[in-house]
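Below, all heavy atoms of this structure are taken into account, side chains as well, without hydrogens, waters or symmetry copies.
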Amino acid sequence: MTNSLAKQLSDLRVRAGDPSIREIERLLKGQGRNRPMARSTIQEKLSGKSPARLHQVLALVAAIAEFGRQNGTPLAPQEIDENTWRAKFIATTGNPGKATGSSGITLSARTAGISTTWDAAPLRNAGMTDLIDLISRSEGAPLATWLPHVASEMNRAEMSCESLMQWAAKESPREIIPCISALEEIFPLPEEDPKDPWSGWSPSNEATTGRLLRFTARTQPLRNAPIVVVGLRRANLGQYVQQFLTNIACWHLAPNVRDGVKQLQAAELTKDAENMLIYVGSRRQETRIIEVVTHFDEQGEHKERNAILRGMAKDAERFMIAIKEIEENEEMLDILMSAIPWPSRKEYSEILSGAGYKALADRIEPPGYSDEPPF
């Protein structure tokens, strides 16, 4: 946020009775925000120390207005009108002189070498002229200043954000990471509950943040994989690293997966490289795993190949696919067999026996006198 916009917010705060930062924090929580704004963040936005995103500006205006209403110093409607503050935001962060054409708009991704546009026709057809104006006037501004607000309004209207996220994913990582951070603030992942298999997931987060991550993994050059991983962690978004790496593991062809692994290893992200290989075995479409195993084997990269096999061993169905494909390769077979989860050894033994692999079943059947691993 520029100092001009920060000053306008500070002036509004004074006219509403000068609520304290603590009071503004309380009122923001009362708005039902998915993720409340911390006091330090509120202070930074009101002082102009750090730039605010549009959804933060509108939230602060609403909180200040509510304080005035509750304390007998109500603000005039024109002072707290959303469209007015949206225009103020555009005037200080975007391209105020750019007008919206009658035929709609398209935005061009700024990433070098990328030629693509996002057509805002769905917004025009839905009569969302305020968002069209915001996008048009924000061309050239950082994605994080406007895209999260547009996505939030589209999500509230139950419109798909898929094409918008697909377009945004072609931007550079330094644009994408702040955008993910802003989206996560609006649509945070709920805390996981071990008793609820659906916990840790929300449809709004998946429709926005999840799709942006998925398209980023699919469309970004794999040389950017370590940049995205490190960027997520430095922005305190480490909870999304697994999702990003899983999308790479599931989407790309074998040579590209190998390239991604090499890029992570070159950045000393060896654990992430190993995890991504495990995700190939445990998450990738079952019929597309062995091609990656074979590719690493042909390159003589057995450590990487073995990580994929360990991933396949986590699931009985994937395990049996591997058995049928590599049963003649004793070295790979040993790796696969040794990676069977200890609590599942009896189950795997029965599956192998039922499929006609009695000799293999006998090799993994656990001792009858103990259910504990041999530590």
Between [X] and [Y] (salt bridge meaning N to carboxylate O under 4.0 Å), is one present in this structure?
X	Y	result
E301	R305	no
R310	E274	yes
R15	E79	yes
R363	E330	yes
K88	D81	no

### Task
Indicate whether the side chain of E304 and that of Q299 have a donor and an acceptor atom separated by less than 3.5 Å.
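Not at all, the side chains of E304 and Q299 share no donor-acceptor pair under 3.5 Å.
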
### Message
Just by distance, no angles: are the side chains of N247 and Y279 close enough, under 3.5 Å, to form a donor-acceptor pair?
### Response
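Judged by distance alone, the side chains do not pair up.
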
When you measure from the side chain of [X] to the backbone of [Y], do you find a donor-acceptor pair of N or O atoms at a distance under 3.5 Å?
X	Y	result
R284	V292	no
E175	L143	yes
R22	R26	no
S138	L134	yes

### Task
Report the distance from atom CZ of F319 to atom NZ of K324, rounding to the nearest 0.5 Å.
11.5 Å

